[in-house]
Student: 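Encoded as structure tokens, here's the structure I'll be asking about.
Numbers restart at 1 for each chain; the letters A, B, ... are given by sequence-line order, proteins then strands.
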Number of protein chains: 2
Amino acid sequence: MARNRTTVDREEKRAEILDAATDLFLTNGYEATSMTALAKAAGIATNTIYWYFDDKDALFIEVAERTFGESLAEYGAQVLPTLVDRLLWLVTVFERLNGLTATVHARARVSPSISTWHDDFHATADRWLIHQARQHLAAGANHTPPPTDEQLAAIPRIWSYAIEGMVVHQLSDRERRQVCETLVRQLDAL
Amino acid sequence: MARNRTTVDREEKRAEILDAATDLFLTNGYEATSMTALAKAAGIATNTIYWYFDDKDALFIEVAERTFGESLAEYGAQVLPTLVDRLLWLVTVFERLNGLTATVHARARVSPSISTWHDDFHATADRWLIHQARQHLAAGANHTPPPTDEQLAAIPRIWSYAIEGMVVHQLSDRERRQVCETLVRQLDAL
DNA sequence: ACCTGAACACCGTTCAAGT
DNA sequence: ACCTGAACACCGTTCAAGT
């Protein structure tokens, strides 16, 4: 029916704009990408973007969500035996987003939409990290006594801040491994 | 002599502009502060700023340097007996810079001047943090064997990323203390 | 419903002209 | 040497007008 046909077309057009935005945001950064340049890459007038998206921030959120989604899908297809490997993999996921991590933190202070998205993102990330920590500790089983929930509470924060910091400060592979190994060694020693 | 008189006047005028910039950057943020608003606050024409400073980034660097300098001066006048207290104090120093930490990371990707300043800043911070860690370990003296340099190498990075993360993500006092206590407990356990 | 040309209210920065 | 009015080349966003 016509209703359905239209909906499909709309999604296709949205996807085209998102493709261009993803490409430009990841290669040139958010601030360096103007709506005009984005429209030109998508082959439409600048203001047409506003018929499909609320504003530039909304575009950014969808780009970030899409990129993270793709990365998480790849995770299932991989074998990352150790916790150190899994943390290092997370760093590469964030690195793919290039300067977007710094952009999120800067824009979260002025944009309510990006701020709430950022909060949700960290809530999800924290759950994943605490799960990884528990799994790692259970596999080791060489500690007496096991750390309490209270003691583990700060772990996902320290880890996510470390991951963001490594990406933002562009550490080398060697330095990253050193940091991740220290993080895991410190968890074991807790 | 006239030479000297002129130099003094110039420094005074620079200081006036810096006062206005510090006030506006810290309360409204870097991006939200336009050169026009800044000029109005300083009581001069917008383009006059460019006779005293290269560009907006140069202004930012001087504001950041000045604010950190003042905070470090206060450090000497305080008594912070434990390492946890010292880390928590560092968080409040960064917090005073409001959203400027996120701005530094975002601008460092596009501005060479801010990038090199940022690198220098972290080099200094790393030396201070590693000194604090060593001092703390020496005071405790209840570990066998003491951690090697290799093992301590990642500590200043983990700490500075955690401090930046706590400020950027606006943790509560309680959460901050929890993170800092965990960081120190993990150092002791190393 | 979809798309656009033109305009709006900005932005950081430059430059010729003043004193 | 110091300061400015006016302009430059942008920016994200809006809106009336088209189809």
Student: Can you list every salt bridge (Lys or Arg N to Asp or Glu O under 4.0 Å) pair that touches residues 45-62 of chain B, not counting sequence neighbours?
Tutor: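 Non-adjacent pairs meeting salt bridge (Lys or Arg N to Asp or Glu O under 4.0 Å): B:Arg14-B:Glu62, B:Asp57-B:Arg107.
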Student: Please enumerate all residues that pass salt bridge (Lys or Arg N to Asp or Glu O under 4.0 Å) together with A:Glu16, with sequence neighbours excluded.
Tutor: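 In terms of salt bridge (Lys or Arg N to Asp or Glu O under 4.0 Å), with neighbours along the sequence ignored, A:Glu16 is linked to no residue.
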Student: Determine all donor-acceptor pairs shorter than 3.5 Å in which one atom belongs to a side chain in residues 121-134 of chain B; sequence neighbours excluded.
Tutor:
from, atom 1, to, atom 2, distance (Å)
B:His122, NE2, A:His169, NE2, 2.9
B:His122, NE2, B:His118, NE2, 3.1
B:His122, NE2, B:Glu164, OE2, 2.9
B:Thr124, OG1, B:Asp120, O, 3.1
B:His131, NE2, B:Gln135, OE1, 3.0
B:Gln132, OE1, B:Arg86, NE, 2.8
B:Arg134, NH2, B:Asp149, OD1, 3.0

Student: Taking salt bridge (Lys or Arg N to Asp or Glu O under 4.0 Å) as the definition, give me every residue that meets it alongside B:Glu181, ordered by chain and number, with sequence neighbours left out.
Tutor: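 Counting only residues at least two positions away or on another chain, B:Glu181 forms a salt bridge (Lys or Arg N to Asp or Glu O under 4.0 Å) with B:Arg177.
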Student: Only pairs at least two apart or in different chains count here, so list each side-chain hydrogen bond (donor to acceptor under 3.5 Å, both in side chains) that has a residue in residues 152-162 of chain B.
Tutor: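 Pairs touching residues 152-162 of chain B that pass the test: A:Glu175-B:Arg157.
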Student: Can you find a heavy atom in the side chain of A:Met166 that is under 4.5 Å from one in the side chain of A:Phe94?
Tutor: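 Of all side-chain heavy-atom pairs linking A:Phe94 with A:Met166, none is under 4.5 Å.
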Student: So, does A:Lys13 get its side chain near the phosphate of C:dA1, meaning an N or O under 4.0 Å from OP1 or OP2?
Tutor: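 The answer is no; no side-chain N or O of A:Lys13 sits under 4.0 Å from OP1 or OP2.
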Student: I'd like to compare against my own output: the B/S/- annotation of nucleotides 6-19 of chain D with a strict under-4.0 Å heavy-atom distance to protein.
Tutor: B----SSBBB----
Student: Find the distance A:Ile44:CD1 to C:dT4:P and express it as a whole number of Å.
Tutor: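 Rounded to the whole Å, the gap is 7 Å.
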Student: Give the rounded distance in Å between these two atoms: NZ of B:Lys40 and P of D:dC3.
Tutor: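 Interatomic distance, NZ of B:Lys40 to P of D:dC3: 19 Å.
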Student: Tell me which pairs pass side-chain hydrogen bond (donor to acceptor under 3.5 Å, both in side chains) where either residue lies in residues 19-28 of chain B, with sequence neighbours left out.
Tutor: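 Checked against side-chain hydrogen bond (donor to acceptor under 3.5 Å, both in side chains) - neighbours excluded - the pairs reaching residues 19-28 of chain B are B:Asp19-B:Arg66.
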Student: Can you list the stems that DNA chain D is part of, where a stem is at least 3 pairs in a row, each Watson-Crick or G-U, with both distances below 3.5 Å?
Tutor: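 Consecutive-pair runs (3 or more) involving DNA chain D: C:4-8 with D:12-16, C:12-16 with D:4-8.
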Student: Using the test salt bridge (Lys or Arg N to Asp or Glu O under 4.0 Å), find all partners of B:Glu74 that sit at least two apart in sequence or belong to another chain.
Tutor: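 With sequence neighbours excluded, B:Glu74 shows a salt bridge (Lys or Arg N to Asp or Glu O under 4.0 Å) to B:Arg96, given in chain and number order.
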